[in-house]
Student: 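Questions regarding the structure given below will be posed in turn.
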2 protein chains.
Amino acid sequence: MIKVLLAEDQGMMRSALALLLDLEDDIEVVATVTRGDEVVPVALTVRPDVALLDIEMPGASGLEAAAGLRDGLPGCKVLILTTFGRPGYLRRAMEAGAAGFMVKDGPVEDLAAAIRRVLAGEKVIDPVLAAAALSTGTSPLTDRERDVLAAAADGAAISDISRRLHLSESTVRNYLSAAIGKTGTRNRIEAARTARHNGWL
Amino acid sequence: MIKVLLAEDQGMMRSALALLLDLEDDIEVVATVTRGDEVVPVALTVRPDVALLDIEMPGASGLEAAAGLRDGLPGCKVLILTTFGRPGYLRRAMEAGAAGFMVKDGPVEDLAAAIRRVLAGEKVIDPVLAAAALSTGTSPLTDRERDVLAAAADGAAISDISRRLHLSESTVRNYLSAAIGKTGTRNRIEAARTARHNGWL
DNA sequence: GGAGCACCGGGACATTTGTCATGACTGGCT
DNA sequence: AGCCAGTCATGACAAATGTCCCGGTGCTCC
């Protein structure tokens, strides 16, 4: 019996997946959590064989949770399940020690198959996405550029960002300008869009 | 037997819902579509009792599809199913003749119950959301303000927008300024955010 | 026949944003 | 030691943005 931990914040998706996976003869969902920061503590008590993690979750992202599991429960295989096939997500998932990366596309049957395959030691990765991740390359943004761009993305003015990050306004402008240049865009809005699209944010 | 048409673009959610609804004794998913503009044509051939529509879909939104069904197949009840509980979405859904509005939260069991209730002639609406929709009120933006704000939201500069919408740059600035004022925000990014959050975009 | 509103545009203005050159400090790498 | 990248900062400048006037057109409603 394969013991699965399911982390997914959207209620309907969570309950649907749990029901459908339980229908499989060899799979048992032993725990479901709705927040990223609940993954590791719960996993430590229920000891699942596979953790199925959404990326966008409150508390902590699935990628952070994956890194936590690698350190805290190395025997547990991590399968990332996400809505968005962002190249940067895949890259970060692999760096966090994930064994598989699936997009919430394609039928649910694939999911059970993927669970069995990661448990058998295989890596499960969408080939289209893998190619995109390789072609897009790694994020060109430095940590600070990412911070500043993320802050700018939700409408903060230069002065707001400078206060939030304890930087001078000039510095913020420089980082923002660098981010715009590196993303090949023309303003902060476009820069934030492409960064998000590539999973760099 | 309740005949259901399911419109949902995300593969995993679509197949999961279809499977689970088919497990119900009195419900049968007679058609699934992945695009908003497929809803009406398919519905006209399969004649479902209930249409379960996602809002965010390629081709046409679920709200547009709902309006199309009201005109083309008035006997068919429309149940909107969406990720985002935006007040404006609910309002527009009701205006498009929807019989119910559900958020993709809460368990899947609710869905089957909602289907039976709309078929019985009831309106099914999340009470929390209904209150939010009433308190938020209708969109203060005029058509043009919405157009301009939507264009600005994905990074277009004033000059880009003026070309795209065949307006003078002065006019674009005026509309944008009006949108910022009406949303009570400080720049186009914040304005776009709150407009999106309220379902005004 | 006003009053009100959505629409479209112009001009002037202050503010914000983005660019560029420059420099200091740090830590890592060779 | 020299070199490079990342971090933080200044100042100056051009360009874009946002605000506030103003004017005109149509349309609807009372």
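By convention in this document, chain letters (A, B, ...) are assigned in the order of the sequence lines, proteins followed by strands, and residues within each chain are numbered from 1. Atoms considered below: every heavy atom in the structure, side chains included; atoms not considered: hydrogens, waters and symmetry mates.
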Student: Would you kindly compare Asn174(B) and Thr171(A) by the position of their nearest DNA chain D nucleotide and give the one closer to the 5′ end?
Tutor: Thr171(A)

Student: Measure the distance from CD on Glu169(A) to P on dG18(C) and round it to the nearest whole Å.
Tutor: 13 Å

Student: Return the minimal non-hydrogen interatomic distance between Ala43(A) and Pro48(A), and the atom names on each side.
Tutor: O-CD, 3.4 Å

Student: Check the distance between dG18(C)'s C1' and Glu190(A)'s CD and give it to me in whole angstrom.
Tutor: 13 Å

Student: Any sub-3.5 Å donor-acceptor pair from Asn187(B)'s side-chain atoms to Gly155(A)'s backbone N or O?
Tutor: yes

Student: Kindly say if Thr142(A) contacts the phosphate of dG6(D), meaning a side-chain N or O under 4.0 Å from OP1 or OP2.
Tutor: no

Student: Has Arg144(B) got a side-chain N or O lying under 4.0 Å from the OP1 or OP2 atom of dA6(C)?
Tutor: no

Student: Expressed in angstrom and rounded to an integer, what is the separation of His166(A) atom NE2 from dT7(D) atom P?
Tutor: 17 Å

Student: How close or far is atom C1' of dC8(D) from atom CG of Asp147(A), stated in whole angstroms?
Tutor: 14 Å

Student: On the nucleotide dG10(C), are OP1 or OP2 found under 4.0 Å from the side-chain N or O atoms that Ser168(B) carries?
Tutor: yes

Student: Report the nucleotide, chosen from dG18(D), dT19(C), dC8(D), that has the shortest atom-to-atom distance to any side-chain atom of Leu167(A).
Tutor: dC8(D)

Student: Using a cutoff of under 3.5 Å, can you pull out all pairs of nitrogen or oxygen atoms linking the protein to nucleotides 13-16 of chain C, with atom names and distances?
Tutor:
none

Student: For the residue pair Leu90(B) and Ala133(B), what are the closest heavy atoms and their distance?
Tutor: CD2-CB, 3.9 Å

Student: Whether Ser170(A) contacts dG11(D) is assessed here as follows: a side-chain N or O lying under 4.0 Å from the phosphate OP1 or OP2. Is that the case?
Tutor: no

Student: Under a 4.0 Å threshold between the charged nitrogen and the carboxylate oxygen, would Arg14(A) count as salt-bridged to Asp54(A)?
Tutor: no

Student: Rounding to an integer number of Å, can you tell me how far Ile180(A) CD1 sits from dA15(D) P?
Tutor: 16 Å

Student: Any side-chain heavy atom of Thr142(B) within less than 4.5 Å of one from Lys182(B)?
Tutor: yes

Student: By nearest heavy atom, map Asp143(B) and Asn187(B) onto DNA chain C; which one lands nearer the 5' end?
Tutor: Asp143(B)

Student: Can you check the Glu145(B) CD to dC7(C) P distance for me, whole Å?
Tutor: 7 Å

Student: Between Lys182(A) (NZ) and dG18(C) (C1'), how many Å, whole number?
Tutor: 16 Å

Student: What's the CZ-P distance between Arg186(B) and dG18(D), to the nearest Å?
Tutor: 12 Å

Student: Gly137(B) and Trp200(B): which non-hydrogen atoms are nearest, and at how many Å?
Tutor: O-NE1, 4.1 Å

Student: Using modelled atom types only, decide if a donor and an acceptor are shared between the side chain of Asp9(A) and the backbone of Arg35(A) within a distance under 3.5 Å.
Tutor: no

